[in-house]
Amino acid sequence: MTHNDNSLVLVAEFQAKAGHEDELRDALSAMIEPSLAEAGCLGYRPLADPARPGAMICFEEWRNAEALDFHFHTPHFTEVATILDEILATPFTLRRLTQVPETV
């Protein structure tokens, strides 16, 4: 992932209901291509936790807050949000991180 001073890094954490682990993996994997095609997307990477069945984290980087807001209104995001409502054990958590200013 690349970054600039205004970029946002998101860490989204997901936990699938028992029996829905593959559906979670498929839903997040289906988001890679359309998300990376967005002009403001600098990175989108879902990762599975091998120690916790059904647990996944997605690292995303967005050019700025406007690009992220655009993403939240795309058809692929609204579609996956509907799927996640059905298959997650708990609502996903989302942490928004920014670049730490360099000191001289």
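The model shown is predicted, which means the values in this text are computed figures rather than measured ones. Atom set for the values below is all heavy atoms of this structure, side chains included, hydrogens, waters and symmetry mates excluded.
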Engineer: Between Leu8 and Leu97, is a side chain to side chain contact (heavy atoms under 4.5 Å, CB included) present by the stated rule, with each step listed?
Structural biologist: CA-CA 6 Å; Leu8 296 174; Leu97 309 169; over 6 Å; no
Engineer: Within the distance-only criterion (no hydrogens, no angle test), does the side chain of Lys17 pair as donor or acceptor with the backbone N or O of Glu86 below 3.5 angstrom?
Structural biologist: yes
Engineer: Could you walk me through whether Cys41 and Glu60 pass side chain to side chain contact (heavy atoms under 4.5 Å, CB included), step by step?
Structural biologist: CA-CA 8 Å; Cys41 183; Glu60 304 174 32; over 6 Å; no
Engineer: For residues Ala30 and Pro34, report the shortest heavy-atom separation together with the two atoms involved.
Structural biologist: O-CD, 3.2 Å
Engineer: Can you tell me how far CG of Leu84 sits from CG of Leu24, rounded to the nearest 0.5 angstrom?
Structural biologist: 6.5 Å
Engineer: Any side-chain heavy atom of Ile57 within less than 4.5 Å of one from Pro46?
Structural biologist: no
Engineer: Less than 3.5 Å apart, any donor N or O on the side chain of Glu79 or His76 sitting next to an acceptor on the other?
Structural biologist: no
Engineer: What distance separates Phe59 CZ from Leu47 CG, expressed to the nearest 0.5 Å?
Structural biologist: 6.0 Å
Engineer: When rounded to the nearest 0.5 angstrom, what is the spacing between CG in Asp69 and OG1 in Thr74?
Structural biologist: 10.5 Å
Engineer: Please answer: with hydrophobic residues joined when any side-chain heavy atoms are less than 4.5 Å apart, are Phe70 and Met31 in the same cluster?
Structural biologist: no
Engineer: In sequence, state the C-alpha distance, the side-chain angles, and the governing distance for His73 and Thr78, and then conclude on side chain to side chain contact (heavy atoms under 4.5 Å, CB included).
Structural biologist: CA-CA 7 Å; His73 293 90; Thr78 55; 5.9 Å; no
Engineer: With rounding to the nearest 0.5 angstrom, report the CG to OH distance, Leu28 to Tyr44.
Structural biologist: 5.0 Å
Engineer: If I compare all heavy atoms of Arg25 with all of Ala48, which pair ends up nearest, and what's the gap?
Structural biologist: NH2-CB, 3.3 Å
Engineer: What's the spacing between Leu42 CG and Asn64 CG if we round to 0.5 Å?
Structural biologist: 9.0 Å
Engineer: For Glu21 and Gln15, indicate whether the former's side chain and the latter's backbone hold a donor-acceptor pair under 3.5 Å.
Structural biologist: no
Engineer: Indicate the atoms forming the closest heavy-atom contact of Phe72 with Phe77, along with that distance.
Structural biologist: O-CD2, 3.3 Å
Engineer: What's the spacing between Asp22 CG and Asp26 CG if we round to 0.5 Å?
Structural biologist: 6.0 Å
Engineer: Is the shortest side-chain N to carboxylate O distance from Arg95 to Glu13 below 4.0 Å?
Structural biologist: yes
Engineer: Using the side chain to side chain contact (heavy atoms under 4.5 Å, CB included) rule, take Leu88 and Phe14 through it: C-alpha gap first, then chi angles, then the decisive distance, then the call.
Structural biologist: CA-CA 7 Å; Leu88 292 182; Phe14 307 89; 4.0 Å; yes
Engineer: Please tell me whether Glu61 and Ser7 have a donor and an acceptor in their side chains that are separated by less than 3.5 angstrom.
Structural biologist: yes
